[in-house]
Amino acid sequence: MADLNILSTEVRYLAGVGPRRAEVLARVGVHTVRDLLHYFPRRYLDRSTIVPLRRLDERMGSVTVVGTVRVAGVVEGKGRKRFELILEDESGGRLKCVWFNRLNWVAKAFKPGDRVAFHGKVQRFGYTFSMTHPDFDRLDGEGAALATGRIIALYPGGAALEKVGLTSRTFRRILYTFFKQHGLKLPEILPEWIRTRYGLMDGRVALRAVHFPRSQAELAQARERLKFEELFFIQLMLARTKQIRQAVAGPRFGPPGERFHRFLNEILPFELTNAQKRALEDIIRDTTSGLQMNRLIQGDVGSGKTVVAMAAILHAVDNGYQSAFMVPTEILAEQHYANMRRYLDPLGVEVRLLLGGQRKSLREEILADLAEGRAHVAVGTHAVIQETVQFHRLGLAIVDEQHRFGVVQRAELFSKGENPHMLLMTATPIPRSLAMTLYGDLDVSIIDERPAGRKPVITWIRSEKRRGEVYAFLREQLRQGRQAYVVYPLVEESEKMDLQDAENGYRRLKELFRPYRVDLIHGRMLPYEKEEAMERFKNGETDILVATTVIEVGVDVPNATVMIIEHAERFGLSQLHQLRGRVGRGAEQSYCILMVDHRRTAEAEERLRVMAETDDGFKISEMDLKLRGAGDFFGTRQSGLPDLKIADITQDQPILIKAREAAFELIRRDPNLEAPEHAMLRAYYDRFYATRSLGFARVG
Ligand code: ADP
Ligand code: MG
């Protein structure tokens, strides 16, 4: 009889493991049998995928080769000191492998006579083929297996694992014994109807096949099934969270009232776009439903999210509720505050600004206004969610640029008041696949339309040689009364030097562009200094604002039409897009000039190319995800979702879509997973997923 306990068994009790290996395995996240079964091979070797050395060709890109090490040693001659070895195989060809780093370690790793598989990119120098820093796997004693045409699984390794003998071969031996002794006891977790509908391989067969594939076709099916399962359980967590959350009562607002209508009809100098109207309708539907709203507004920079948020605030005010508006930086808080005062003062709405370093007396006055209900809106950084801040009747909490906030800060906002309606906003359009996962538990409104009359920003890539031209262009724009940003990168590791860069740039521009007024703003300045610099730029007292990336999000100065980004090759794609979004906010044609170093990586080149080619935020984020990989994509880690071990969000979108559909349908059919056919799934879910914190998703 299949049961789950086998999966929870600690690996050290398995034949071939023992306490010493168990300790090292724990360090790579393998504690239980389930972890071990999910310690998926990183690569497979079989005769059909190994390229004979004689057939190597530099156009092949990355390949796998297998051979015997002939000579190996450190070479000091011309060029950098390096370690080289020559590999030979039965085809009579040769390959040189070269290492420039960790020489001591590689020098010990190989000796003549070793059988090794190398994986890497083939290069050609004259008649010699070579690989630099290739991946490798030792194959001693496994020639026979390969010769008989078997597919061999290679596992992620490392020095610590090798030290206790945990090579790929050992992994296979341990797993082989496991399957022989216990394979039949493994449970099938997915119910029959899901397996049938999506044509999935049996789970037990898949686990065995992923470690010991009999053919490439079987391996492909096994991987598909396991990817589905992995994504399915994440979606099930999201579906459950959403289900629970959707049952939470929230303040029931009445229909939109007087202030709301006056704002839209009299105060706003423009008509909302259709996308803005739809988002607002979604919000009204949610807030009048009696249940708590949990909505994310996703819209590219400049799509007009803030205006929608203000309308939502007025809707709350009309219903006698207060709102909190949380933003990630003080500059943004200031800006939103000024902006709201401009639009909301005429409607008699009281807005307050809460910042970290405010005078005590001022702060106390603001806190009293909020606690006693004299103020309707609190705008601020995370100062808004500090314990001392009490609201009289908080009905709506808005988080702008929400991806900038940690899960904890968001969660704290939730704990204010009686389940206020939550409105999250993000200017980082993310690919659908990632949205389904990161925001899979929220309702989402997408603003995918720009206000009418906006011209797309023209983007140029310019090297140092053409700086003179760029400055002449800038001068011409200034002459026409426009303003400009000049942005320098600021990375933590080289903060001092970067800051110097920005300061030097500031001095140079001041000199060059006299009598135009140049100003500097960076993160090290005091809040009031930043505030004043921003204010001067907004009022048109400054012509050129030199900045580090503090201006990245949300800043809105429609008269600024030029954005020069220095060292553009050093910025990430999303960041470049955010920066570019600072211009193109008015009716005039705007320009973004990417100043680049001629020394740049192929990846940087790709980023720049994408920037020049499109200003569609969704396309850009899709590319960014491809270039950076999902793990690194803002906050995936802090989302509280389990790491993916076999699926890849970028590559496996079609599987993800099916897995999500299946999970949500399951919850619809059997909300509490009570049906007998779901018993195993339920038990598995409870044991391995239900106790996980879903971060923000769990709160409320
Ligand atoms: P986001 O927060 O999405 O980046 P904002 O709400 O700051 O965008 O809007 C960007 C600019 O566009 C602001 O100056 C705003 O007043 C203006 N704007 C917003 N909606 C419209 C619209 N429907 N028509 C014209 N201008 C708009
Ligand atoms: Mg904004």
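All values below were derived from every heavy atom in this structure, side-chain atoms included, with hydrogens, water molecules and symmetry-related copies excluded. Start at 1 with the first residue, then count along the sequence. Just so you know, ligand 1 is whichever comes first in the structure, and atom 1 is the first atom listed for that ligand.
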Whether [Y] and [X] form a salt bridge (side-chain N of Lys/Arg under 4.0 Å from carboxylate O of Asp/Glu) is what I want to check.
X    : Y    : value
D615 : R580 : no
R352 : E350 : yes
R609 : E606 : yes
D616 : R450 : no
R607 : E603 : yes

Going through the distances and angles, do R482 and Q477 end up as a side chain to side chain donor-acceptor pair (under 3.5 Å)? CA-CA 6 Å; R482 310 277 174 274; Q477 287 283 307; 4.6 Å; no
Please state whether [X] comes within less than 4.0 angstrom of ligand 1, counting heavy atoms only.
X    : result
M425 : no
I447 : no
P558 : no

Below 4.0 Å, non-hydrogen atoms only: which portion of V307 touches ligand 1? Side chain, backbone, both or neither.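 Within the 4.0 Å criterion, V307 contacts ligand 1 through backbone and side-chain atoms alike.
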Heavy atom under 4.0 Å from ligand 1: found in D400's side chain, backbone, both, or neither?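 No part of D400 is near ligand 1 at this cut-off.
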Which atoms of ligand 1 have any heavy atom of [X] under 4.0 Å away?
X    : value
D300 : 3 (O)
L272 : 23 (N)
S303 : 3 (O), 8 (O)
T273 : 23 (N)
R585 : 4 (O), 7 (O), 10 (C)

K277, NZ atom: more than 12 neighbouring heavy atoms under 6.0 Å: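 Check passes, neighbour count above 12.
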Could you work out, for [atom], the closest of [options] by heavy-atom distance?
atom                    : options                : answer
atom 23 (N) of ligand 1 : Q335, R342, Q276, R450 : Q276
atom 1 (P) of ligand 1  : E271, R582, K305       : K305
atom 7 (O) of ligand 1  : N274, I297, T306       : T306

Do any nitrogen or oxygen atoms of G304 come within less than 3.5 Å of a nitrogen or oxygen of ligand 1? yes
Verify whether one side chain among H261 and D318 offers a donor that lies under 3.5 Å from an acceptor in the other.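 No donor-acceptor contact under 3.5 Å links the two side chains.
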Could you walk me through whether H315 and T287 pass side chain to side chain donor-acceptor pair (under 3.5 Å), step by step? CA-CA 9 Å; H315 180 41; T287 52; 3.0 Å; yes
